[in-house]
Amino acid sequence: MADLSAMIICLSLLLYLLLDGTDLGVGMLFFWFHDDQQRELMTHSILPVWDANETWLVLAAGGLLALFPPVYSLLLSELSAPLFTMLLALVMRAMALEYRARSSTRLRRWLDPIMASCSALATFIQGWCAGMIISAQPQTGLPDGLSLVPLMSGVGLMAINSLLACCWIGWRIGDSVQPLAEAQSWLWWLLALIIFLFELYFNADIWHQSWQRPLGKVAGVAVVTLWIVLPITLWRARPLLQLIVALMLIGAVFIGLLCGLYPWLVPYQFAINESASSPVTQGFVLVGAAIAMPLTVLYHSWAFWVERRAK
């Protein structure tokens with residue numbers, strides 16, 4: 001039951017990473033797309049779905065509190081300032097996104113920098129926190145916040161989210177943004193690959209442990225294959241296929257990391273079975289998750305279906 005609880009939380013985090021990562025990437029692209037009409041189209045491409053995407057973050061945080069309270073306590077105490085900053089950035093991003101759709105041109109000059117900077121800040125902190133957890137050591141616990149791995153993890157997540165956003169707007173908007181989106185895609189793919197190789201070198205023990213498990217082998221082969229396939233799709237394929245391949249790559253990397261970290265939730269600090277709440281609590285929360293998660297997926301699917309033809 002504890003493994004199932006951990007899997008539910010990890011699934012929520014993965015879905016948040018895939019879905020809201022694209023939205024945050026669109027916000028960061030405001031640094032590069034300066035035409036007001038392009039920004040207007042980019043805004044409307046994510047307005048119908050961004051709020052539902054963040055539902056997965058709420059489910060993951062609430063599930064962690066109920067299912068693994070010691071881990072929640074550790075992360076909240078050790079990372080309280082960056083987590084609060086991330087939430088504030090997400091709120092400011094949401095404010096800029098919603099008000100931009102009905103504001104004057106003068107007000108947009110203030111909202112657009114808020115949109116871009118808050119999206120970048122929230123993305124960086126999410127990657128930085130992931131790097132902090134992955135880099136935990138047996139004796140010292142979480143590393144120093146200025147360590148190289150957490151900082152590079154934050155930059156790497158910014159790069160991959162920007163790549164997702166380029167594929168997304170190329171698919172959802174089309175010709176008006178296509179040339180710049182294609183050029184940006186190559187930049188973000190190269191930067192993400194360089195940072196991934198850096199992380200692979202400094203976290204070689206995690207990936208070595210992942211390779212010892214059957215699912216880890218599948219994830220490892222998928223990661224290598226998708227890193228090769230992705231530039232081919234950027235060169236020859238349509239944006240929708242590019243987006244699918246990029247999402248599959250993120251999923252494969254995420255699964256590979258989980259296989260390498262298992263059975264730890266925080267390496268060398270909290271194992272899954274040792275930090276899980278009582279079986280009664282787990283059973284109650286899992287029943288709720290079995291109801292809430294399919295409903296959220298249905299809502300997502302309906303939103304994408306309704307907006308599938310919007311341009």
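- How far CD1 of I291 is from CG of L286: 11.5 Å, rounded to the nearest 0.5 Å.
- Proximity of F124 to L24: side-chain heavy atoms (C-beta onward) are nowhere separated by under 4.5 Å.
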Yes or no on side chain to side chain contact (heavy atoms under 4.5 Å, CB included) for V266 and L261, after CA distance, side-chain angles and deciding distance?
CA-CA 8 Å; V266 178; L261 292 172; over 6 Å; no
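- Distance check, rounded to the nearest 0.5 Å: CZ of F254 to CG of L17 gives 7.0 Å.
- L164 and W235 fall within a single hydrophobic cluster, where Ile, Leu, Val, Met, Phe, Trp and Tyr side chains are chained together by heavy-atom contacts under 4.5 Å.
- The local environment of CE in M248 is sparse, with at most 12 non-hydrogen atoms from other residues, nucleotides or ligands closer than 6.0 Å.
- Ring planes of F196 and W227: tilted class, angle from 30 to 60°.
- Closest approach of G256 and S210 over heavy atoms only: O-OG, 2.9 Å.
- Shown here are the side-chain contact (heavy atoms from CB on, under 4.5 Å) partners of W32, two or more places apart in sequence or in another chain: L29, Q184, W188.
- The two residues R108 and P113 make their nearest non-hydrogen contact at O-CD, 4.2 Å.
- Grouping the Ile, Leu, Val, Met, Phe, Trp and Tyr side chains by contacts below 4.5 angstrom, directly or via other members, places V285 with L13.
- Looking at P239 and Q178, their side chains come closer than 4.5 Å, going by heavy atoms from C-beta outward.
- Here the side chain of T225 pairs no donor or acceptor atom with the backbone of A222 at under 3.5 angstrom.
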Step by step, would you call L18 with N53 a side chain to side chain contact (heavy atoms under 4.5 Å, CB included)?
CA-CA 9 Å; L18 297 177; N53 293 342; over 6 Å; no
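- Between F198 and F202, the two ring planes are tilted [angle within 30° to 60°].
- Relative orientation of the W168 and W171 rings is perpendicular, given thresholds of 30° and 60° on the angle between their planes.
- Between W128 and M152 there is no side-chain heavy-atom pair separated by less than 4.5 Å.
- Between the CE atom in M115 and the CG atom in L111 there is a gap of 10.0 Å [rounded to 0.5 Å].
- Considering only residues two or more places apart in sequence or on other chains, D112 meets the side chain to side chain donor-acceptor pair (under 3.5 Å) condition with R39, R100.
- Sparse packing is recorded around CG of D175, with 12 or fewer heavy atoms of other residues, nucleotides or ligands lying under 6.0 Å away.
- Between F33 and A181, the shortest heavy-atom distance links the atoms CZ-N, 3.9 Å.
- Within the model, atoms CE of M158 and CD1 of I125 stand 10.5 Å from one another, a figure rounded to the nearest 0.5 Å.
- Every salt bridge (Lys or Arg N to Asp or Glu O under 4.0 Å) that E54 has, sequence neighbours left out, goes to R93.
- Residues E182 and L234 fail the side-chain proximity criterion, which asks for heavy atoms closer than 4.5 Å.
- Although no hydrogens or angles enter the test, the distance criterion places a donor-acceptor pair under 3.5 Å between the side chain of Q38 and the main chain of S176.
- We find the CG-OH distance between L64 and Y72 to be 8.0 Å, quoted to the nearest 0.5 Å.
- Rounded to the nearest 0.5 angstrom, L83 CG and L88 CG are separated by 12.5 Å.
- Counting all heavy atoms, side chain and backbone alike, A2 lies closest to I272 at O-CG2, 3.5 Å.
- Using modelled atom types, no side-chain atom of S147 and backbone atom of P143 make a donor-acceptor pair closer than 3.5 Å.
- Defined by atom type and a distance below 3.5 Å, a donor-acceptor pair is missing between the side-chain atoms of S277 and Q282.
- A donor-acceptor pair is defined here as one N or O able to donate and one able to accept, closer than 3.5 Å; such a pair exists between the side chain of Q269 and the backbone of Q137.
- Side chains of Q126 and Y16: a donor-acceptor N/O pair is present below 3.5 angstrom, by distance only.
- Between L230 and Q242 the shortest heavy-atom distance is CD1-O, 4.0 Å.
- No path of Ile, Leu, Val, Met, Phe, Trp and Tyr side chains, each step under 4.5 Å between heavy atoms, connects V218 with I206, placing them in separate hydrophobic clusters.
- Without hydrogens or angle criteria, S135 side chain to M132 main chain gives no donor-acceptor distance under 3.5 Å.
- Looking at heavy atoms from C-beta onward, L59 lies out of side-chain contact with I9 at the 4.5 angstrom threshold.
- Shortest non-hydrogen contact noted between P69 and A66 is CD-O, 4.0 Å.
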